[in-house]
Number of protein chains: 2
Amino acid sequence: MDIFSEIDQMQRQASILTRAGKTIGFVPTMGYLHEGHLSLIRRSRAENDITVVSIFVNPIQFGPNEDLDRYPRDIEGDIEKLRALNVDVLFLPSMKEMYPEGYKTYVIVEGLSDKLCGAFRPGHFRGVTTVVLKLFNIVKPTRAYFGLKDFQQTLIIKQMVRDLNMDIQIIACPTIREHDGLAMSSRNKYLTEEERQGAGIVYRALLNAAEKLKEGAGFKEAASTLRETLKSSPHIREIQYASVYDPETLDDLTDVDVKIYKKPEVVLAVALYYGNARLIDNLLVKLR
Amino acid sequence: MDIFSEIDQMQRQASILTRAGKTIGFVPTMGYLHEGHLSLIRRSRAENDITVVSIFVNPIQFGPNEDLDRYPRDIEGDIEKLRALNVDVLFLPSMKEMYPEGYKTYVIVEGLSDKLCGAFRPGHFRGVTTVVLKLFNIVKPTRAYFGLKDFQQTLIIKQMVRDLNMDIQIIACPTIREHDGLAMSSRNKYLTEEERQGAGIVYRALLNAAEKLKEGAGFKEAASTLRETLKSSPHIREIQYASVYDPETLDDLTDVDVKIYKKPEVVLAVALYYGNARLIDNLLVKLR
């Protein structure tokens, strides 16, 4: 596995591969790799000639009071996992390489970036779209892989790629879960053992609400079920959002009559503090 | 000459050329081509295997009270000029092709975009950087050519390309002038015959101020000379800005002591209404 820490090296290699007609699959990550990341990498390996993984904890997507400094890191362990999966290239740039002095350019996706997580993390998605665009220009992928656990992020990146006419296929992959349903996330490390044991409640709450919808309940009732289930856990400190949303616009559907809603699917989505960990999860539900 | 009006056609062609190892030179324009544009095209022809020119009057870089509707157009004449220069591809997209319904993504270069023209045309440079990024993704150029008449635009695009790690060389080309020094611009069409005859004053004002600097005058005195010369014309309705600027930061240098200023160059820049035409011009001046 090649490990490139300089943008020039990575970009030159990507150009050579592109000219040789090779397809490049790309999995951008912030490291501390778990089974969710690995599932994306396996899919990229299966679908492309070359697989590039990046590890970069992107400072500009963290707010001033967020967990940038304590975000979990394990480069040695990550490299071992990537080697075991026969990843071709690890791109591992420094902060200074990505954002040199005098850096000034940002990419924004209006509307979608202000909803759900965006309402609680101002500037977060601007940081995400900016770094993803930079990484795409450096790695020059044919296909890029994102996990549906970050449903809003994937939606925003698809919109960016479409709007900016980037010649890249965005592939959204299913959320990988622990045995009790907890969505895999590097931030699960913040949970104490006791908290970890109870954290399956988030997925159970999504399943309960989905069940309501399948039984023909309205969006308001499903949203109530979601919130009520979550509130039964003593560890949940703050529910930032938990409702039924339009999976294309991210509009809250609570006050929409299910009979008027014409799309085939909704997404149940939550963000909350479970102990010290901010957890997000979601579930796409087919209505018909 | 191929004429593509669909993004897919253009992008597919660009991919084929890139894979075949061809270099692509790109000249983005808003049409109504004049000798300034043609000089960029000739340079691109000389330096690249393939030259692509785009014509697209980009609505999102015009403010609500600006001249989008009356911006001069002459597609037939433009095509003739491009054929005469043996341009390989004309990319001629529609508004709907570039900004389909639900379009949401914008690129901003902070700081530089709010100065000079940006202060008088809010959102203008956001529109420019967004469309240029889109065009770059569609045309996939090796080199792109911009005229120095639009000094601030060229500076901002260079910054964007550097910040976003775009693998494209930006080439800034000298301003082409009429015999009396008036910088070539599609907007010169707005001048009446009488106004046109006097419009050489803009360049003369720049030359007078440059002369002052060469004689050792301070920035304040040079800026005064610039403004005083301009004010001698009866057709100048409004001077939006006219001063001495740092060519990297675009900071106004009027109150800076020339002895303290360490860079080798300054730029004299003006924007004004000459009759009904908003004209801009500038001159780089070597200090030492």
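Each chain gets a letter, A, B and so on, in the order its sequence line appears, and its residues count up from 1.
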Between chain B and chain A, identify every pair of one donor and one acceptor N or O atom lying under 3.5 Å apart.
residue, atom, partner, partner atom, Å
Q11(B), NE2, N165(A), O, 2.8
S15(B), OG, D167(A), OD2, 3.4
G102(B), O, Q159(A), NE2, 3.1
K104(B), N, D163(A), OD2, 2.8
K104(B), O, E110(A), N, 2.8
T105(B), N, D163(A), OD2, 3.1
T105(B), OG1, D163(A), OD2, 2.8
Y106(B), N, I108(A), O, 2.8
Y106(B), O, I108(A), N, 2.8
I108(B), N, Y106(A), O, 2.8
I108(B), O, Y106(A), N, 2.8
E110(B), N, K104(A), O, 2.8
E110(B), OE2, R126(A), NH1, 2.9
R126(B), NH1, E110(A), OE2, 2.9
K134(B), NZ, D163(A), O, 2.7
K134(B), NZ, N165(A), OD1, 2.7
N137(B), ND2, L164(A), O, 2.9
K140(B), NZ, D167(A), OD2, 2.7
Q159(B), NE2, G102(A), O, 3.1
D163(B), O, K134(A), NZ, 2.7
D163(B), OD2, K104(A), N, 2.8
D163(B), OD2, T105(A), N, 3.1
D163(B), OD2, T105(A), OG1, 2.8
L164(B), O, N137(A), ND2, 2.9
N165(B), O, Q11(A), NE2, 2.9
N165(B), OD1, K134(A), NZ, 2.7
D167(B), OD2, S15(A), OG, 3.4
D167(B), OD2, K140(A), NZ, 2.7

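Both the backbone and the side chain of I108(B) have a heavy atom closer than 4.5 Å to some heavy atom of chain A. Within the 4.5 angstrom heavy-atom criterion, atoms from both the backbone and the side chain of L164(A) approach chain B.
With sequence neighbours left out, L155(B) forms a side chain to side chain contact (heavy atoms under 4.5 Å, CB included) with L112(B), L250(B).
Note on I156(A), V131(A), V107(A): by heavy-atom pairs under 4.5 Å with chain B, the leading option is V107(A).
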